[in-house]
Amino acid sequence: MVTRKRQTSVNLPQGAMMRAMVQRGYGAASVLTLEQIPRPAPAPHQVLVQVRSAGLDRGAWHIMTGKPYLLRLVFGLRTPRQPVSGQELAGTVVDVGTGVRGFRIGDEVFGIGAGAFAEYAVAREDKLAHKPPGVSSESASIVPVSAVTALQALREMGRVKAGQSVLVIGASGGVGSYAVQLAKHFGAKTTGVCSTQKLDFVRSLGADQVVDYTTEDYSHAGRNYDLILDIGGNSSLHRLRGALRSKGTAVIIGGEGAGDWIGIGRQLRAVLMSPFISQNLRMFVAKERSADLELLGGLVEAGVITPQLGGTYPLDQTPQAMRRLEEGAVSGKLAVRV
Ligand SMILES: NC(=O)c1ccc[n+]([C@@H]2O[C@H](COP(=O)([O-])OP(=O)(O)OC[C@H]3O[C@@H](n4cnc5c(N)ncnc54)[C@H](OP(=O)(O)O)[C@@H]3O)[C@@H](O)[C@H]2O)c1
């Protein structure tokens, strides 16, 4: 019997440098600068990925600005502990740690890593999945954080069922564009809330109805929804409850404009209120899991969901991409091509 020896390292020169978008402090997009820095090496349960494309999500924007300030307890008080930002990536495995079992050198992967806005980034194997061959690197790189969030919010927190009516507030963005498609996939009747210029985009994702938040209040139509995914707009709990059926569930995922300090006051109030009312108000933080990434990769390959690429930027134009995200000008998500 011929046994194939497992390749655990490739001939990468030691101490090699790489191009990376580095952030030496918190602030506006101008804190991101292109530098040559040492290429990282994988720890025992990590792989080193040669990045083809990195996804730009709101999380990367929060780490860039260091807001809300509460985040700095995790990411570093004065400067980010991880100087290269970006979490979502797609690329090729070029080195594996000694404890890695699921990936080999040469594997095409996508998932969540550390410092994705760079030529190379390390990622834990339990936050990666194999990239389906028919899916482009750009598309795969905009899946990880946003689609996993939408999937878990619908399936685990919202326990969505076929035939239910689901309201997605913030349907045109990173998380929302997946939430609308996945809610349809689970057989729900879906209403998407977004701004005027993105109504057609949200319809194209499969929403049965759309609400323009600049001209209409989604809660004025009464208690219509079994499940609300609250992703954008920072609605008051009173307003969410006004749109939710008496036994309905609201999953609060995020929303900008909740203040610079804590940012999750509304979520905490929801959790405190929920035991005393018939409706179920839940706060939610996504778990980064390779099983969910594998599942989502399969759904993308099968054409059940389509990552909505709102544009691609070369690595040295990451600040421009951040500004576009900040302006609210993106439908779906942006990718950084490395
Ligand atoms: N809990 C978690 O684990 C988790 C995971 C990922 C993200 N998040 C959070 O979720 C939020 C959204 O992330 P994202 O990546 O989807 O951001 P995004 O791509 O910037 O999308 C934001 C969405 O909010 C909508 N929106 C803005 N103002 C609104 C308003 N007044 N009323 C209703 N909708 C409004 C936008 O619509 P228009 O573009 O049409 O204006 C857009 O659809 C962020 O706060 C992020 O930090 C949380």
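We use all heavy atoms of the structure for the numbers below, so side chains are in, but hydrogens, waters and symmetry mates are not. Atoms within a ligand are numbered from 1 in the order they appear, just like the ligands themselves. For this chain, numbers begin at 1 and follow the sequence in order.
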Requested in this report: Indicate yes or no: does an N/O atom of A286 lie under 3.5 Å from an N/O atom of ligand 1?
Outcome: yes
Query raised in the report: S246 and S278: side-chain donor and acceptor closer than 3.5 Å?
Result: no
Query raised in the report: Judging by distance only, is a nitrogen or oxygen of G173 under 3.5 angstrom from one on ligand 1?
Result: yes
Query raised in the report: If only atom types and distance count, is the side chain of K131 paired as donor or acceptor with the main-chain N or O of V135 below 3.5 Å?
Result: yes
Query raised in the report: Is there a side-chain contact between V175 and S146 (heavy atoms, below 4.5 Å)?
Result: yes
Report task. Check ligand 1 against V285 and write out every atom of the ligand that is under 4.0 Å from a heavy-atom position of the residue. Result -> 1 (N), 3 (O)
**Report entry** D126 and S290: side chain donor to acceptor below 3.5 Å
**Finding:** no
Query raised in the report: Out of S195, G233, S331, who gets a non-hydrogen atom closest to atom 40 (O) of ligand 1?
Result: S195
Requested in this report: Flag I169 as yes when one of its N or O atoms lies below 3.5 Å from any N or O atom of ligand 1, and as no otherwise.
Outcome: no
Query raised in the report: Under a 4.0 Å N-O cut-off, is there an ion pair linking D95 with R39?
Result: no
Report summary line: A student comparing R58, E288, Q197 should find that the heavy atom closest to atom 15 (O) of ligand 1 comes from R58
Query raised in the report: Is S146 close to ligand 1, meaning an N/O of one under 3.5 Å from an N/O of the other?
Result: no
Requested in this report: Report yes or no: do S274 and R282 form a side-chain donor-acceptor pair below 3.5 Å?
Outcome: no
Query - Which segment of H62 sits under 4.0 Å of ligand 1 when only heavy atoms are counted - result: side chain
Query raised in the report: Looking only at non-hydrogen atoms, which of G232, G332, S172 approaches atom 42 (C) of ligand 1 most closely?
Result: S172
Query raised in the report: Does a sphere of radius 6.0 Å around CZ in R124 hold more than 12 heavy atoms from other residues, nucleotides or ligands, not counting ones at 6.0 Å or beyond?
Result: no
Query raised in the report: Within the structure, does C194 bring an N/O atom to less than 3.5 angstrom of an N/O atom in ligand 1?
Result: no
**Report entry** Backbone or side-chain N or O of G174 under 3.5 Å from ligand 1 N or O
**Finding:** yes
Report task. Would you mind checking if D316 and R19 are paired as a salt bridge, meaning a charged N to carboxylate O distance below 4.0 Å? Result -> no
Query raised in the report: Counting distance only, does the side-chain N/O of Q23 pair as donor-acceptor with the main-chain N or O of M21 below 3.5 Å?
Result: no
Query raised in the report: Can you tell which of L56, V330, T149 gets a heavy atom nearest to atom 6 (C) of ligand 1?
Result: T149
Query raised in the report: Can you tell me if G59 has a non-hydrogen atom under 4.0 Å from ligand 1?
Result: no
Report summary line: Near A171 (heavy-atom distance under 4.0 Å), the atoms of ligand 1 are 43 (O)
Requested in this report: Kindly confirm or rule out an N or O of D57 lying under 3.5 angstrom from an N or O of ligand 1.
Outcome: no
Query raised in the report: When you look at CZ of R159, are more than 12 heavy atoms from neighbouring residues, nucleotides or ligands closer to it than 6.0 Å?
Result: no
